[in-house]
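Notes for the one structure printed next.
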There are 2 protein chains.
Amino acid sequence: MNIQQILEERGAKVTSQRVALARIMFSRPQHLSADALMDLALQAGVRVSKATVYNTLNLFAECGIVREVNVDGKKIYYDSTITPHHHLYNVDTGELTDLPTDAVSLTDMPKLPEGTEAVGVDLIVKIRERRG
Amino acid sequence: MNIQQILEERGAKVTSQRVALARIMFSRPQHLSADALMDLALQAGVRVSKATVYNTLNLFAECGIVREVNVDGKKIYYDSTITPHHHLYNVDTGELTDLPTDAVSLTDMPKLPEGTEAVGVDLIVKIRERRG
DNA sequence: TTAATTGCAAACATTTTGCAGGTTC
DNA sequence: GAACCTGCAAAATGTTTGCAATTAA
(Lines give C-alpha, C1' and ligand atoms only; values in the text may rest on other atoms or scores of the structure.)
Protein backbone atom coordinates (compact mmCIF):
# COMPACT_ATOMS: atom_id res chain seq x y z
CA MET A 1 0.00 0.00 0.00
CA ASN A 2 1.48 3.27 -1.14
CA ILE A 3 0.10 6.09 0.97
CA GLN A 4 1.76 8.70 -1.22
CA GLN A 5 -0.04 7.41 -4.29
CA ILE A 6 -3.37 7.16 -2.47
CA LEU A 7 -3.14 10.76 -1.32
CA GLU A 8 -2.15 11.96 -4.78
CA GLU A 9 -5.01 10.12 -6.44
CA ARG A 10 -7.33 11.87 -4.07
CA GLY A 11 -5.84 15.29 -4.72
CA ALA A 12 -4.65 15.51 -1.12
CA LYS A 13 -1.20 16.72 -0.25
CA VAL A 14 1.54 14.37 0.82
CA THR A 15 2.62 15.82 4.14
CA SER A 16 5.12 14.42 6.59
CA GLN A 17 2.43 14.00 9.26
CA ARG A 18 0.17 11.98 6.98
CA VAL A 19 3.00 9.74 5.87
CA ALA A 20 4.23 9.24 9.43
CA LEU A 21 0.74 8.46 10.78
CA ALA A 22 0.12 6.02 7.93
CA ARG A 23 3.42 4.28 8.64
CA ILE A 24 2.38 3.73 12.27
CA MET A 25 -1.22 2.81 11.47
CA PHE A 26 -0.34 0.25 8.81
CA SER A 27 2.73 -1.23 10.48
CA ARG A 28 0.49 -4.09 11.62
CA PRO A 29 -3.17 -5.06 11.98
CA GLN A 30 -4.52 -3.01 14.88
CA HIS A 31 -7.37 -0.99 16.27
CA LEU A 32 -6.37 2.49 17.39
CA SER A 33 -8.27 5.42 18.79
CA ALA A 34 -7.17 8.90 17.77
CA ASP A 35 -5.65 9.30 21.18
CA ALA A 36 -3.71 6.04 20.97
CA LEU A 37 -2.40 6.89 17.52
CA MET A 38 -1.26 10.26 18.77
CA ASP A 39 0.61 8.61 21.65
CA LEU A 40 2.33 6.17 19.32
CA ALA A 41 3.30 9.02 17.03
CA LEU A 42 4.77 11.08 19.85
CA GLN A 43 6.63 8.04 21.15
CA ALA A 44 8.07 7.53 17.68
CA GLY A 45 9.30 11.11 17.69
CA VAL A 46 6.71 12.33 15.18
CA ARG A 47 5.71 15.89 15.94
CA VAL A 48 1.97 16.08 15.32
CA SER A 49 -1.01 17.84 16.85
CA LYS A 50 -4.28 16.38 18.03
CA ALA A 51 -6.20 18.24 15.33
CA THR A 52 -4.01 16.75 12.64
CA VAL A 53 -4.43 13.24 14.01
CA TYR A 54 -8.21 13.64 13.87
CA ASN A 55 -8.11 15.23 10.43
CA THR A 56 -5.85 12.50 9.13
CA LEU A 57 -7.93 9.64 10.49
CA ASN A 58 -11.02 11.17 8.93
CA LEU A 59 -9.15 11.51 5.66
CA PHE A 60 -7.95 7.89 5.81
CA ALA A 61 -11.51 6.77 6.50
CA GLU A 62 -12.81 8.75 3.52
CA CYS A 63 -10.10 7.22 1.37
CA GLY A 64 -11.29 3.82 2.55
CA ILE A 65 -7.90 2.75 3.86
CA VAL A 66 -9.04 2.47 7.47
CA ARG A 67 -12.35 1.32 8.86
CA GLU A 68 -14.17 2.97 11.72
CA VAL A 69 -15.38 0.70 14.49
CA ASN A 70 -17.97 1.92 17.00
CA VAL A 71 -18.06 -0.27 19.95
CA ASP A 72 -18.82 1.67 23.09
CA GLY A 73 -20.51 4.84 21.94
CA LYS A 74 -17.73 6.83 23.45
CA LYS A 75 -14.79 6.81 21.16
CA ILE A 76 -14.09 5.72 17.62
CA TYR A 77 -11.57 3.01 16.84
CA TYR A 78 -9.82 2.85 13.51
CA ASP A 79 -9.05 -0.56 12.12
CA SER A 80 -6.00 -0.86 9.88
CA THR A 81 -7.50 -3.94 8.25
CA ILE A 82 -10.13 -3.22 5.63
CA THR A 83 -10.72 -6.66 4.17
CA PRO A 84 -14.17 -7.85 5.28
CA HIS A 85 -14.20 -9.19 8.81
CA HIS A 86 -16.09 -8.91 12.07
CA HIS A 87 -15.13 -7.96 15.59
CA LEU A 88 -14.95 -9.43 19.02
CA TYR A 89 -15.25 -6.90 21.81
CA ASN A 90 -14.49 -7.72 25.41
CA VAL A 91 -16.67 -5.41 27.45
CA ASP A 92 -14.65 -6.09 30.61
CA THR A 93 -11.20 -5.39 29.21
CA GLY A 94 -12.05 -3.14 26.28
CA GLU A 95 -10.04 -5.44 24.02
CA LEU A 96 -11.10 -5.35 20.39
CA THR A 97 -10.03 -8.17 18.09
CA ASP A 98 -10.77 -9.31 14.58
CA LEU A 99 -12.99 -12.22 13.73
CA PRO A 100 -12.68 -13.80 10.30
CA THR A 101 -15.87 -13.61 8.27
CA ASP A 102 -16.02 -17.38 8.05
CA ALA A 103 -16.30 -17.66 11.83
CA VAL A 104 -19.91 -16.56 11.52
CA SER A 105 -22.22 -17.50 8.71
CA LEU A 106 -23.92 -14.42 7.44
CA THR A 107 -25.51 -15.69 4.30
CA ASP A 108 -27.80 -13.23 2.65
CA MET A 109 -28.53 -9.54 2.72
CA PRO A 110 -31.93 -8.37 3.86
CA LYS A 111 -34.20 -6.44 1.56
CA LEU A 112 -33.18 -2.82 1.85
CA PRO A 113 -35.56 0.15 1.77
CA GLU A 114 -36.34 1.62 -1.66
CA GLY A 115 -33.68 3.90 -3.02
CA THR A 116 -30.98 2.80 -0.62
CA GLU A 117 -27.88 0.71 -1.05
CA ALA A 118 -25.68 -1.09 1.44
CA VAL A 119 -22.52 0.62 2.58
CA GLY A 120 -21.32 -2.19 4.79
CA VAL A 121 -22.13 -4.58 7.56
CA ASP A 122 -20.75 -4.26 11.06
CA LEU A 123 -20.99 -7.32 13.21
CA ILE A 124 -19.67 -7.16 16.76
CA VAL A 125 -19.77 -10.08 19.13
CA LYS A 126 -19.64 -8.75 22.66
CA ILE A 127 -18.00 -11.01 25.20
CA ARG A 128 -17.04 -10.76 28.85
CA GLU A 129 -14.99 -12.71 31.35
CA ARG A 130 -16.86 -15.83 32.39
CA ARG A 131 -18.56 -15.48 35.74
CA GLY A 132 -19.12 -18.04 38.47
CA MET B 1 -43.98 -4.94 31.38
CA ASN B 2 -44.35 -3.51 34.85
CA ILE B 3 -41.66 -0.95 35.50
CA GLN B 4 -42.59 -0.66 39.13
CA GLN B 5 -42.04 -4.33 39.69
CA ILE B 6 -38.77 -4.34 37.77
CA LEU B 7 -37.41 -1.50 39.87
CA GLU B 8 -38.52 -3.15 43.09
CA GLU B 9 -36.92 -6.45 42.14
CA ARG B 10 -33.70 -4.60 41.63
CA GLY B 11 -33.95 -2.75 44.93
CA ALA B 12 -34.25 0.57 43.12
CA LYS B 13 -36.77 3.14 44.15
CA VAL B 14 -39.90 3.78 42.16
CA THR B 15 -39.66 7.49 41.45
CA SER B 16 -41.97 9.60 39.35
CA GLN B 17 -39.16 10.39 36.92
CA ARG B 18 -38.33 6.74 36.33
CA VAL B 19 -41.96 5.83 35.81
CA ALA B 20 -42.54 8.76 33.48
CA LEU B 21 -39.42 8.06 31.41
CA ALA B 22 -40.35 4.38 31.17
CA ARG B 23 -43.84 5.28 30.03
CA ILE B 24 -42.40 7.36 27.18
CA MET B 25 -39.66 4.92 26.30
CA PHE B 26 -41.91 1.88 26.11
CA SER B 27 -44.93 3.57 24.55
CA ARG B 28 -43.76 2.11 21.23
CA PRO B 29 -40.75 0.48 19.58
CA GLN B 30 -38.21 3.23 19.13
CA HIS B 31 -34.59 4.26 19.28
CA LEU B 32 -33.96 7.29 21.46
CA SER B 33 -30.85 9.15 22.50
CA ALA B 34 -30.75 10.60 26.01
CA ASP B 35 -31.30 13.99 24.49
CA ALA B 36 -34.33 12.90 22.48
CA LEU B 37 -35.88 11.19 25.50
CA MET B 38 -35.39 14.35 27.54
CA ASP B 39 -37.13 16.40 24.86
CA LEU B 40 -40.07 14.02 24.75
CA ALA B 41 -40.31 14.12 28.53
CA LEU B 42 -40.31 17.91 28.65
CA GLN B 43 -42.89 18.04 25.86
CA ALA B 44 -45.04 15.67 27.87
CA GLY B 45 -44.80 18.00 30.84
CA VAL B 46 -42.51 15.73 32.83
CA ARG B 47 -40.10 17.74 34.92
CA VAL B 48 -36.79 15.92 34.73
CA SER B 49 -33.13 16.85 34.57
CA LYS B 50 -30.49 15.78 32.12
CA ALA B 51 -28.58 13.94 34.83
CA THR B 52 -31.64 11.94 35.75
CA VAL B 53 -32.31 11.01 32.13
CA TYR B 54 -28.76 9.68 31.82
CA ASN B 55 -28.93 7.91 35.18
CA THR B 56 -32.26 6.38 34.30
CA LEU B 57 -31.19 5.15 30.87
CA ASN B 58 -28.12 3.56 32.41
CA LEU B 59 -30.31 1.94 35.03
CA PHE B 60 -32.73 0.63 32.41
CA ALA B 61 -29.81 -0.77 30.44
CA GLU B 62 -28.45 -2.52 33.54
CA CYS B 63 -31.90 -3.94 34.19
CA GLY B 64 -31.87 -5.24 30.64
CA ILE B 65 -35.09 -3.50 29.66
CA VAL B 66 -33.48 -1.31 27.01
CA ARG B 67 -30.64 -2.12 24.65
CA GLU B 68 -27.80 0.25 23.82
CA VAL B 69 -27.05 0.73 20.15
CA ASN B 70 -23.76 2.29 19.06
CA VAL B 71 -23.93 3.38 15.55
CA ASP B 72 -21.92 6.51 14.97
CA GLY B 73 -19.36 6.65 17.76
CA LYS B 74 -20.85 9.88 18.97
CA LYS B 75 -23.99 9.22 20.87
CA ILE B 76 -25.69 6.21 22.33
CA TYR B 77 -29.16 5.17 21.21
CA TYR B 78 -31.46 3.21 23.47
CA ASP B 79 -33.71 0.68 21.85
CA SER B 80 -37.03 -0.02 23.56
CA THR B 81 -37.14 -3.44 21.93
CA ILE B 82 -35.00 -6.09 23.57
CA THR B 83 -36.06 -9.21 21.72
CA PRO B 84 -33.15 -10.29 19.49
CA HIS B 85 -32.95 -8.30 16.29
CA HIS B 86 -30.50 -6.39 14.15
CA HIS B 87 -30.34 -2.82 12.89
CA LEU B 88 -30.39 -0.88 9.69
CA TYR B 89 -28.64 2.44 9.89
CA ASN B 90 -28.96 5.07 7.18
CA VAL B 91 -25.72 7.01 7.28
CA ASP B 92 -27.20 9.84 5.21
CA THR B 93 -30.31 10.45 7.27
CA GLY B 94 -29.23 9.05 10.63
CA GLU B 95 -32.36 6.89 10.64
CA LEU B 96 -32.08 3.75 12.72
CA THR B 97 -34.56 0.93 12.17
CA ASP B 98 -34.98 -2.63 13.31
CA LEU B 99 -34.23 -5.62 11.17
CA PRO B 100 -35.78 -8.96 12.12
CA THR B 101 -33.20 -11.61 12.90
CA ASP B 102 -34.53 -13.79 10.13
CA ALA B 103 -33.65 -11.15 7.54
CA VAL B 104 -30.03 -12.20 7.89
CA SER B 105 -28.82 -15.72 8.43
CA LEU B 106 -26.37 -15.74 11.26
CA THR B 107 -25.97 -19.40 11.88
CA ASP B 108 -23.28 -20.22 14.34
CA MET B 109 -21.25 -18.52 17.00
CA PRO B 110 -17.50 -18.33 16.55
CA LYS B 111 -15.16 -19.97 19.01
CA LEU B 112 -14.69 -17.49 21.80
CA PRO B 113 -11.42 -16.93 23.68
CA GLU B 114 -10.83 -19.09 26.77
CA GLY B 115 -12.64 -17.96 29.86
CA THR B 116 -15.03 -15.66 28.06
CA GLU B 117 -18.71 -15.89 27.31
CA ALA B 118 -20.89 -14.07 24.82
CA VAL B 119 -22.89 -11.12 26.05
CA GLY B 120 -24.62 -10.44 22.76
CA VAL B 121 -24.25 -9.86 19.07
CA ASP B 122 -24.70 -6.50 17.43
CA LEU B 123 -25.24 -6.53 13.72
CA ILE B 124 -25.70 -3.24 11.92
CA VAL B 125 -26.26 -2.97 8.20
CA LYS B 126 -25.20 0.48 7.08
CA ILE B 127 -27.07 1.87 4.11
CA ARG B 128 -27.13 5.18 2.25
CA GLU B 129 -29.26 6.86 -0.36
CA ARG B 130 -28.54 5.34 -3.76
CA ARG B 131 -26.25 7.48 -5.88
CA GLY B 132 -26.19 8.09 -9.58
C1' DT C 1 -35.69 8.25 59.61
C1' DT C 2 -32.46 7.02 56.46
C1' DA C 3 -30.74 5.76 52.34
C1' DA C 4 -31.53 6.61 47.65
C1' DT C 5 -32.61 9.97 44.08
C1' DT C 6 -32.94 14.37 42.00
C1' DG C 7 -31.33 18.70 39.95
C1' DC C 8 -28.01 21.84 39.09
C1' DA C 9 -23.60 23.16 37.62
C1' DA C 10 -19.21 21.95 36.94
C1' DA C 11 -16.10 18.49 35.26
C1' DC C 12 -14.82 15.25 31.73
C1' DA C 13 -13.83 13.02 27.37
C1' DT C 14 -13.86 13.05 22.59
C1' DT C 15 -14.09 15.41 18.38
C1' DT C 16 -14.47 19.64 15.56
C1' DT C 17 -13.49 24.35 14.27
C1' DG C 18 -11.35 29.07 13.48
C1' DC C 19 -7.53 31.17 12.29
C1' DA C 20 -2.58 32.51 11.81
C1' DG C 21 1.47 30.65 10.14
C1' DG C 22 3.83 27.05 7.46
C1' DT C 23 4.23 23.61 3.67
C1' DT C 24 3.44 21.34 -0.78
C1' DC C 25 3.18 21.37 -5.51
C1' DG D 1 2.26 31.82 -5.13
C1' DA D 2 -2.03 29.69 -4.51
C1' DA D 3 -4.21 26.34 -2.24
C1' DC D 4 -3.85 23.29 1.19
C1' DC D 5 -2.32 21.74 5.75
C1' DT D 6 -0.76 22.21 10.54
C1' DG D 7 -0.96 23.55 15.31
C1' DC D 8 -2.91 25.79 18.89
C1' DA D 9 -6.65 27.05 21.62
C1' DA D 10 -11.36 27.47 21.94
C1' DA D 11 -15.82 25.55 21.02
C1' DA D 12 -19.01 21.94 20.51
C1' DT D 13 -20.91 17.46 21.86
C1' DG D 14 -22.30 13.88 24.81
C1' DT D 15 -21.87 11.95 29.29
C1' DT D 16 -20.56 11.75 34.21
C1' DT D 17 -19.90 13.56 38.79
C1' DG D 18 -20.14 16.21 43.33
C1' DC D 19 -23.11 17.91 46.42
C1' DA D 20 -27.08 20.06 48.70
C1' DA D 21 -31.97 19.53 48.77
C1' DT D 22 -35.75 16.28 48.20
C1' DT D 23 -38.27 12.03 48.26
C1' DA D 24 -39.50 7.01 48.73
C1' DA D 25 -39.97 3.35 51.77
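This structure is a prediction, so every number in the text was calculated from the model and none was measured. Lettering follows sequence order; numbering is per chain, from 1.
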**Item:** Between P of C:dC25 and CD of A:E9, the distance in whole Å
**Value:** 15 Å

**Message:** Whole angstroms only, please: what is the CG-C1' distance between A:L57 and C:dT15?
**Reply:** 11 Å

**Prompt:** So, is A:Q17 close to the D:dG7 phosphate, meaning a side-chain N or O under 4.0 Å from OP1 or OP2?
**Reply:** yes

**Request:** Please determine, by modelled atom types, if A:H85 and A:D79 share a side-chain donor-acceptor pair under 3.5 angstrom.
**Result:** yes

**Request:** Specify the separation, in whole Å, of atom CD of A:E8 and atom C1' of C:dC25.
**Result:** 10 Å

**Asked** If you find the nucleotide of DNA chain C closest to B:S49 and the one closest to B:K74, which residue's nucleotide is nearer the 5' end?
**Response** B:S49

**Message:** If I take atom CD in residue A:E62 and atom C1' in nucleotide D:dC4, what distance separates them, rounded to the nearest angstrom?
**Reply:** 15 Å

**Request:** Select one nucleotide: of C:dT5, C:dG7, D:dG7, the one nearest the side-chain heavy atoms of A:V48.
**Result:** D:dG7

**Message:** Strictly below 4.0 Å: does B:R47 bring a side-chain N or O up to OP1 or OP2 of C:dT6?
**Reply:** no

**Message:** Strictly distance-based, threshold 3.5 Å: is any side-chain N or O of B:T81 a donor or acceptor partner for the main-chain N or O of B:P29?
**Reply:** no

**Prompt:** Is the distance from OP1 or OP2 of D:dT16 to the nearest side-chain N or O of B:Y54 less than 4.0 Å?
**Reply:** no

**Asked** Going by the angle between their ring planes, with limits at 30° and 60°, are A:F26 and A:F60 parallel, tilted or perpendicular?
**Response** tilted

**Asked** Say you draw a straight line from NE2 of B:H86 to CG of B:L123; how long is it, rounded to the nearest 0.5 Å?
**Response** 5.0 Å

**Message:** Under a plain distance cut-off of 3.5 Å, with no hydrogens placed, do A:H87 and A:D122 share a side-chain donor-acceptor pair?
**Reply:** no

Contacts under 3.5 Å, N or O only, protein and nucleotides 10-13 of chain D:
none

**Message:** Could you work out how much the helix from C:dT1-D:dA25 to C:dC25-D:dG1 bends, comparing the axis of its first five pairs with that of its last five, to 10°?
**Reply:** 40°

**Nucleotide nearest B:A34 (side chain, heavy atoms from C-beta), chosen from D:dC8, D:dT15, D:dT6** = D:dT15

**Request:** Would you kindly give the CZ-to-P distance between A:F60 and D:dC5, to the nearest whole Å?
**Result:** 12 Å

Check: protein-nucleotides 22-24 of chain C nitrogen or oxygen pairs below 3.5 Å:
residue, atom, partner, partner atom, Å
C:dT24, O2, A:K13, NZ, 3.0

**Message:** The side chain of B:T52 is closest to which nucleotide in this list: D:dT15, D:dG7, C:dT6?
**Reply:** C:dT6

**Distance in angstrom units between A:D39 CG and C:dT14 P, rounded** = 11 Å

**Complete:** With the side chain defined as heavy atoms from C-beta on, B:N55 is closest, among D:dT17, C:dG7, D:dT15, to D:dT17

**Request:** Send over the distance from A:N70 CG to D:dT15 P, rounded to a whole Å.
**Result:** 13 Å

